[in-house]
Amino acid sequence: MKLVKTKKSGALILGIIALFQIFVLTNAIPAESYSIGEIENAGRTASVEKKVPKLSPKFFSILVSFFAIKQIGFVSAIDENFNCCISGAETEDGIATCQDITPTQASGGECQGQVLSSRCEETSQCKTGTCVVGDGVSCSSSPKVTCESGGGEWVDKTPANVPECRRGCCIIGSGSRFETSTQCEIDGGNFNAGIGTEAACILAGQNLLQGACVTTGNACTFTTGIECGRRSGSFFKGILCTNSDLKENLDVECEASTQTTIKDDKIYWIDSCGNLANIYDADKIYEKDKSYWEIVSPPTCKVLDSNGNVIKNNLGTCGNLDRFRGTIAVEASEADVIPAYGNFAGKDLSCTYKDSVKNIDITKKNGEKWCIYEGSIGDIEGISSDTVGSEHWLARCENGDLKLEHSNYRDSVCAQRTTVVDLNGDGDTNDNGEGESFTTASLVPNQALACPSFNPLQDKKGKANQANIDACNANPHCAVRNVDVQKHNGKPTFYFSVCVPRYPTGFDDDSAAQTMCAAATQKCTQIYQKNIGSLWGSGSSWNDAAKINSECGNVEFSQKMNNLCVSMGDCGSYVNYEGQGSDNAQITYEKGGKSGKKPEKIPAIFSWTNYVKYSDRSQFANQIISLPEPEETSGEGDGSTNTGSTNQFEDIDPMGQLNEGFGEFLSSIFGNNNPTLRDINIQNTLGIGGTTMWGIAQFWSGVAPIGDSSYLAGYQTYTTELAANTAKAGIVTLFATIGAYAGAYIAQQLGISGGPAQMLVLAGGTAGGTLSYVYIATTSSPWALGFGIGALVIVGWIIISGFGTTEKRKINFACLPWEAPAGTTEADCNKCNENELFKCTKYRCESLGQTCQLLNGNTDNPICKSVQYENVAPVITAGSINATGYAFADEDVGKSVEIESPEENGCILEFGSVRFTLKTDEYAQCKWDFVERDVYENMENLPLEGTDSSKNHTFDLNGLSLGMLNAFDITEDVILGLHGDGKLYVRCSDVHNNINPTSYIVNFCINEGPDTTPVNFDSQTGVLAIPKNGATLPYGTNSTPFKIFINEPAECKYDGKPSTSYDLMNNTLECSTSPTPELLGRWGCETPLDNDLSLNPGENKIYIKCKDKPWETNESKRNTNVDDYLYKLFVTEDKLEIGSIYITVGGSRFDLTNNYTKVTGGVNQFSIDLTAQTSGGNENGKAECSYKFEQSPILYTGDRFFETNANTHKQKGLNLLNGNYNISIKCNDDFDNDGISNVAETSGTFNLNVDMSPPLIVRTYRDGNSLKLKTDESAKCAYSNQPNYCQSGSVSNGTSMTSGFSTDHSTSWNPGQIYYIKCKDIYDRESQLCARIIIPGVNVE
Amino acid sequence: MKERGNLFGKKGQVTIFIIVAVLVVSISVLAYFFLPGVLVDLGISSQNPNEYVQGCLEDSIRENVKTISEQGGSLNPEHYVTDKDQKIEYLCYTDENYLPCVMQQPLLKQHVEGEIENAIKSQADSCIDSLKETFERKGYTASIGAGEMKIELLPQRIVSTFDGQVTLTKESSERFDKISVVVNNNIYELITIANSILNWEARYGEAETTIYMNYYHDLKVEKNLQSDGTTIYRLTNRETGDKFQFASRSVALPPGIGVENA
């Protein structure tokens, strides 16, 4: 028995080992098989093979992460590791509270306070809630820490949800305020919580009951009862001061009048005492309706009809105006209305414009703002649909004028909100006339560029990254875009999600467009496989359809990819706002490896024509982006969100898919005759390895089941037989496994995958198992041999035929920047100009066509024009003349024209003014001159439109005299001194720089007329002079350049004495006498004021006279100034000086010199105040000063003194490190900003050596019966024997070891005591704990 | 000529000196009692300590309130944007782009009150001290209890209250439990609007401000958007000219994305 037991035990151990081997081997096979099967999964998801180029600008770094869909492991913004700086976060502008900072910033000391390891919004201290102050005196959104540190009570709710913060109407005296009940109580008002809006509260305040208040002397005032009480008067509620009873009983003498006044934007009658009466109604004058002057009566007249439209005829007769509904009381002249009585009338403030889509007039109330879009916006049908060139427009009605603002390349989006105004404040806005809608809107920054930061939306295994998806959905300007092209048996294969802009922006930068669009470039990898046909020797027959991602060959692929592409921005095949577009995507393919075949189907580009509807405003007229409610709701954006994918990849069972292929394969071989292999459920349950072994086991069990007694004959005991059989089974299984491995290896090496690969594994395993069985079996097994050979044949055939070999073929979708349509005409571009509502911008213009270009973009008159290249110069023709009686004559188109005046001889009057226009047949810039110039560039004068491109060019002919023309040979034909001909030469340049080769000539003649007026120095807007008249020059100035501008060419002189005749003046000014003025229609005269008339400190006077017509030889015809023109200059009498500079440290003043003043101290925390004092200059030392660090231990920059523009200049709070400093100071007194000033400079140095350390004990020793210490600086030391002295004691309450301050300290040596020692230096710097603890005999011998 | 010369004899000179002396004394007395500046400086313009302190402190309050109002509620802004050489405190701020700002000064009214208190403290102390001296010079026994000057912003006014008890005794005794200085100013209203704007900024970003002007016609709200994403708000009472301006940086665009001036 013992032996048996031993045998049993050995067999059991052997069996366990064999089973373990089986377990290991059988599980190794499926693992390897799985890895082979994984080859098929290569095409399961989009493979992003196009890497986004590395971009250096920070701006584009955010884009890099855009398409980090799976394989590209970019860091998303929301994963970024921010810390929260609770207080004292350093920003560019100072210190802020609760700011997210990076760990690098935190470790770099950029947070002066506590740093928490989470983002601020995720910390309890910086979470935003409501800060309630004084039970609701005020409420504001606030981080907890900021609120509580200020003494507020923080509540984790929005203000609208905190009862104490709810506002109502507080009636205070004769007015009202919309505030909390607590604040109302403080303000001494009556709180009405039922009035829930600010507008209603204002109205309620206006409607306070008023009445006649009769005070001493029978004076009557129309006011509120509260106010009357304050005046100690008798109050008659609802009674007017013109009331007949008051007159009879109280001798009040206020009479009705026909005068009016304005109150609360309405017009009221006033009585003879100046009191308000009822609302002005022309039909209620006293003579017509006496009762209207008795008591307070509601108005019966109206300026609005039942539809809320203004009745314009009533604006002069009815004062019942309402600014909330678009009418306001103003001076009659401003309203342009003649009132029936008084001086005031109503003005209509509403705006009306034509909605071209709805073809109706839309009227908006004054102050309303609303959004207008140019087509579809936002997320529509899986596309971010804003069309190219479209902007978001913010319209507002401003006192009757419609004004429009717009985004710029959609860098902002327009969001609006419509509320119903409760007009009577009863909380009911539904009753007729009680409530009207009011719209407000805003252009808010488009957060499109933030959307990429939320990617990737899946991890590398394809599992949804829910945090990122939620963050993307939470941003109202982002959308989750799912690209789901391929499904395989209901499960997605070509599938991914991306966070994209909901309102994509346009691009004004090519590189930005390239980068952004390229992010949507994708590659779909299809997997093809050799099919079963090769079994029968029919050659390499490949499946027609890809096993994986076959649908990438369909148009659905190009459509969905283009939708994604368009969502990036202005990319892909899409349309502009006029419904014209272009295809800007590219689909290419890559052939397969061994077969060299291209994908079976290549989809066509999804054409832009499919998107035309998105430009049709009428289809999307009701789209809006919601502006969040200010208080009441927490709604964000338009709320339209896409839930994205959360479990798409969780549903995929890779093993299941592989088994499916395996099942197909088995079916193809064995048909349905083998029920065990047909049972897909079992396969799916066991997986490939399990299935394999299960199949083998079945096989074995069918042939020679383990434990069969006949099979195990010869063994003496059951256990022995079991062990032997188990060992045999293990050997067979081992070889089966080796065979399976060999099959797997071959499959891997030959690129065979899927079912054929598994077939190789199975055949290899079968061959290994059966042949090894044949070898070890005690009986012959021809069937087993047959199976083994058959399996080997299958292996050989698969290897030879290549069955199951796979290859990849790729379809590439390239997303390209959108290009404007080609072949555009002038009419196409002109659509930008024709839009009555929307201003043409560069973006809108250039989106219309390749040739469209915006001219005069920086002016109020931009023009979109087709600028297809041509080389023809603009043709100039005559336009019109804006002068009565003048006309063009004798035009030779493109060459010349003549101006004829109504004068008998057709000439322009001398010094007359003629404004005329010339036209060009295309947009051009023009120049002109009185003489022919060889090239356009040499022409000096511009028409009135300046450098704007235009088809109409305006010229002024004025200030011309025959003499001037003659003098400069401008006249060609002087006729007996009566008149002369002149020519004005014009050339124009078009946008391609085509210029008229010869000038267009405008012929004119000028009558001679006597010019009897001398130079008028002050003819236009004052005298122009440099330096200006009355300027103050710096101290020490004795000369200066001087220039003065006069209104006509002349010769001028000056003198230091007044009333010197022109001829006797000795000093001459150099004057311009050319026919064209130098500056603003003026001619300049200049000279240096130096030797001839040097300047002196104080006031300098210069007297100037001119003689005009310098070309005139007959002196009697020239006009000379009789009166001097007095020009004054002041020279500063005292030098501006910086008298002293000093710094103040801890209350001590240190004057700075250039000898490094030593600044020492011992304070713990200190800051330095820098002060400079100035004197002299032109304002008695008043100057503006700045300082700069010329030398400092670390780089500091300078700044203007914080306190300056005075005699003393102070910069407080310089926080400096110890070291040498050199500070330079510069001051000037240019307070009129004319660039002329006194300047003073100086510098000072100092050495800062502030002791910030307590004294250190550097030596301790015993000297006889004394314990002695030495400190590193003069100090006072004391000790105690109490241990708590270190924590709570100080030198002042210890036993002194020092007399005065010294570096030597001593006390008696006492071995039985412990000395707790503290020291402090002369600056009272004392170590926080003990400087030393001495145990005699232990640490000091 | 000789007789004329007698006019400038010794007696005449004495007479002239006397006349000059009388004139000097008279002018001094007149100036003492009637020149307002002199009176205020000397602190005897009134028998009422309230009026005295009002006269002494009012200008200081006005000047400091103006400075504080234009600097975002702080006398010495620590976190500010500079606009036209003026420091304007950020009342709501985030350093990041696209994110709403974090309120920096949720207790704005209280903060402003504190800032005004600090700004006028030395002047207030000086006024109280001189109040005592002044009345003592006039023969009063002045007793001023310990107290502090507190500032309270109220609708249309600023009330500065010294809560120390003042007792003046001459022939009879008069006690003032507190001394108040009232300055007309609309900073209370402006801070209320500022708070509302800031709440919006902290939750959504750039605030919509026309609505405030629609509601309050005497209010002007100006927005000045800076290139770094900062918005400077300037609130002005059109009637009184009182101003309150502050800065906010909320939902800012990164540099270079494009800024439209409001």
For the atom pair [atom1] ([X]) and [atom2] ([Y]), what is the distance rounded to the nearest 0.5 Å?
X: Ser140(A); Y: Leu108(B); atom1: OG; atom2: CG; value: 8.5 Å
X: Leu99(B); Y: Gln447(A); atom1: CG; atom2: CD; value: 8.0 Å
X: Thr158(A); Y: Arg203(B); atom1: OG1; atom2: CZ; value: 5.0 Å
X: Met103(B); Y: Cys98(A); atom1: CE; atom2: SG; value: 12.5 Å
X: Asn195(B); Y: Cys139(A); atom1: CG; atom2: SG; value: 8.5 Å
X: Ile95(A); Y: Tyr80(B); atom1: CD1; atom2: OH; value: 10.5 Å

Report task. Kindly give the heavy-atom pair with the smallest separation between Leu107(B) and Val133(A), and that separation in Å. Result ->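 Leu107(B) and Val133(A) have their closest heavy atoms at CG-CG2, 3.6 Å.
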Query - For the student: nearest non-hydrogen atoms of Gln99(A) and Tyr93(B), plus distance - result: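 Where Gln99(A) meets Tyr93(B) most closely, the heavy atoms are NE2-O, 2.9 Å.
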Query raised in the report: Considering only heavy atoms, which portion of Thr192(B) lies under 4.5 Å from any heavy atom of chain A: side chain, backbone, both, or neither?
Result: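 Interface part for Thr192(B): side chain.
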Query raised in the report: Side chain, backbone, both or neither: which part of Asn76(B) has a heavy atom under 4.5 Å from chain A?
Result: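 Only the side chain of Asn76(B) comes within 4.5 Å of chain A.
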Query raised in the report: Checking side chain to side chain contact (heavy atoms under 4.5 Å, CB included) against Val102(B), which of Cys120(A), Ser142(A), Pro143(A) comes through?
Result: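 Considering Cys120(A), Ser142(A), Pro143(A), a side chain to side chain contact (heavy atoms under 4.5 Å, CB included) with Val102(B) is found only for Pro143(A).
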**Report entry** Exam field: side chain Gln104(B) to backbone Thr146(A), donor-acceptor pair closer than 3.5 Å
**Finding:**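 A pair under 3.5 Å: no.
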Query - Within 6.0 angstrom of Arg238(B) CZ, more than 12 heavy atoms from elsewhere - result: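 Yes, CZ of Arg238(B) has more than 12 neighbouring heavy atoms, counting only those of other groups under 6.0 Å.
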Query raised in the report: Which of residues 153-163 of chain B get closer than 4.5 angstrom to chain A, counting heavy atoms alone?
Result: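 Contacts with chain A: Leu154(B), Pro155(B).
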